Q: 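Below is one structure. I have some questions about it.
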Amino acid sequence: MQKTRLASRAPQTANKADWRVAAPSLVADVLRGLKSAPKRLSPMYFYDERGSQLFDEICELPEYYITRTETDILERHARAIAASIGPNALLVEFGSGASTKTRLLLDQLPDLAAYVPVDISRTHLMAAAQRITAAYPHLEVLPACADFTQPFSLPKPSRTPTRIVVFFPGSTIGNFDPPAAIQLLKVMRRIAGGSSHGRISATSPANPVGGLIIGFDLVKDTTVLERAYDDAAGVTAEFNLNVLRRLNRDAGADFDLQAFQHQAVWNPEMQRIEMRLLSSRDQIVSIAGERLSFAEDEAIITEHCHKYTPQSFAALAAAGGWSGRQVWTDAREYFHVQYLEQDMGPDKKG
Ligand code: AVI
């Protein structure tokens, strides 16, 4: 039976609250965002214990088609997706969380060299890795605790893999503004090419052409999009407002949750849903001893959820060094799961 071993020297983190930024920088980062114009808060702060629960509830909502649609695509096309990954590959999942969707692929990949779930939350990562090890006893599971937006080193599997394939489901790419999304695609490209920090890692695969399986949401009817982020039961509103509750607890803030309103609007120029919290009145809020003023109707931007056309995604992917090879979609063409390969043009090696 394979053992789960943790490969990385990242600091111990307790829960999703620590996603991407460690606690000491929280106050400084929050103040920076709320002093900018327009005011902003990073979506990473959504995911404390309550925020993670609310996000799980969002995924079950009738209006939130994303999780259901992607899961359906993965279920129906798991065999073809597995074929694009090929035999003896190293599968690296960015932001693996509970690794739920991964199982659909693992079921079709009995000869995987190893599975590397990557997540910044050590507790969740190890718990999920242990569950995967228990369910797939012959699979080598090598969890890597890392901030996946930055280059990191891959753990060395016992078997030399034929190639490396990154898995990034969930349309999480859409929560990155284009420059950050391109940067992330470049990190994935370096990882899939077997190099990190610009050097060849111990994982050098026999086949240098790395792959990427990515899920992303498509541009569609504005009403469908806005309802997905402003559901009738008010779960997304609660999820959005919870960030203020979290800052009251973790950043010494005194936000009055009754004095802010959830808003989710489609921005057609930027092709994204913009989630905001609108101040219902003129007010002063204290954050770690600093007093910040909010005008009536002033917005805090809490999240951007970018949607793509096949063309706009291809352009983004090309800027990150990837070329589309295969597309799987649903009957309504709401969502794409795509298989991409590293662009191996003359100036694109490495
Ligand atoms: C995590 N991410 C892909 C979700 C999305 O749809 O952009 C986050 C979310 N925010 C509100 N609802 C869901």
Side-chain angles (χ1 to χ4, degrees), residues 16-17 19-20 40-48 50-71 73-74 93-102 118-121 124 148-149 167-178 180-181 184-185 213-246 260-267 270-278 299-308 312-313 316 330 334-338:
K16 269 198 171 170
W19 191 67
R20 284 209 270 145
R40 287 211 60 166
L41 282 172
S42 166
M44 75 177 104
Y45 301 128
F46 283 140
Y47 299 97
D48 64 354
R50 175 85 182 122
S52 300
Q53 274 168 13
L54 287 164
F55 181 66
D56 289 345
E57 281 180 44
I58 287 173
C59 293
E60 304 287 323
L61 289 170
E63 296 94 332
Y64 194 74
Y65 57 86
I66 292 184
T67 312
R68 239 182 338 271
T69 308
E70 185 183 46
T71 302
I73 295 170
L74 290 172
E93 182 170 3
F94 275 45
S96 48
S99 299
T100 314
K101 292 170 190 163
T102 326
V118 184
D119 209 291
I120 199 150
S121 167
H124 283 92
F148 66 71
T149 64
F167 182 44
F168 194 44
S171 196
T172 306
I173 189 77
N175 297 131
F176 292 80
D177 284 342
L184 177 57
L185 288 162
I213 307 282
I214 190 165
F216 61 89
D217 198 20
L218 295 169
V219 173
K220 57 185 66 63
D221 180 71
T222 304
T223 315
V224 173
L225 285 170
E226 289 186 340
R227 283 199 185 135
Y229 293 89
D230 195 6
D231 58 281
V235 181
T236 311
E238 183 60 23
F239 173 74
N240 200 6
L241 283 160
N242 182 62
V243 76
L244 302 183
R245 189 178 287 119
R246 179 182 176 189
F260 286 87
Q261 266 190 339
H262 167 69
Q263 190 188 51
V265 285
W266 174 244
N267 179 331
M270 303 307 290
Q271 304 266 281
R272 67 191 181 202
I273 286 284
E274 296 182 358
M275 284 220 322
R276 305 175 189 144
L277 289 166
L278 288 190
I300 308 172
I301 297 167
T302 49
E303 188 172 54
H304 288 158
C305 312
H306 292 262
K307 311 298 167 184
Y308 308 94
S312 69
F313 186 79
L316 186 85
D330 53 291
Y334 270 15
F335 198 91
H336 269 191
V337 173
Q338 288 201 1

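Keep in mind that what you see is a predicted model, and the values were worked out from it rather than measured. As the structure lists them, so they are numbered: ligands from 1, and atoms in each ligand from 1. Numbering starts at 1 and runs along the sequence shown.
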Q: Look up atom CD1 in Ile173 and atom NE2 in His306, then write down how far apart they are to the nearest 0.5 Å.
A: 10.0 Å

Q: Could you tell me which residues satisfy side-chain contact (heavy atoms from CB on, under 4.5 Å) with Asp56, sequence neighbours excluded, listed by chain and number?
A: none

Q: Taking only heavy atoms of Cys305, which atoms of ligand 1 are found under 4.0 Å from at least one of them?
A: 7 (O)

Q: Tell me whether Gln271 at atom CD has more than 12 heavy atoms from other residues, nucleotides or ligands lying less than 6.0 Å away.
A: yes

Q: Just to be sure I'm reading this right: ignoring hydrogens, which of Phe239, Phe46, Tyr47, Tyr64 gets closest to atom 13 (C) of ligand 1? Compare them by their nearest heavy atoms.
A: Tyr64

Q: Charged N to carboxylate O below 4.0 Å: is that the case for Arg40 and Asp177?
A: yes

Q: Polar-atom distance check: Thr236 versus ligand 1, any N or O pair below 3.5 Å?
A: no

Q: Any nitrogen or oxygen of Ser171 lying under 3.5 Å from a nitrogen or oxygen in ligand 1? Just yes or no.
A: no

Q: Evaluate the side-chain proximity of Asp217 to Thr69: yes if any heavy-atom separation is below 4.5 Å, no if none is.
A: no

Q: Has ligand 1 got any nitrogen or oxygen that is less than 3.5 angstrom from a nitrogen or oxygen of Asn175?
A: yes

Q: At what distance is the nearest protein heavy atom to atom 9 (C) of ligand 1, and which residue and atom is it?
A: Glu303 OE1, 3.4 Å

Q: Give me each pair satisfying salt bridge (Lys or Arg N to Asp or Glu O under 4.0 Å) with a member in residues 229-238, each pair once, sequence neighbours excluded.
A: Glu238-Arg245

Q: Which ligand 1 atoms, with their elements, are less than 4.0 angstrom from a heavy-atom of Gly170?
A: 3 (C)

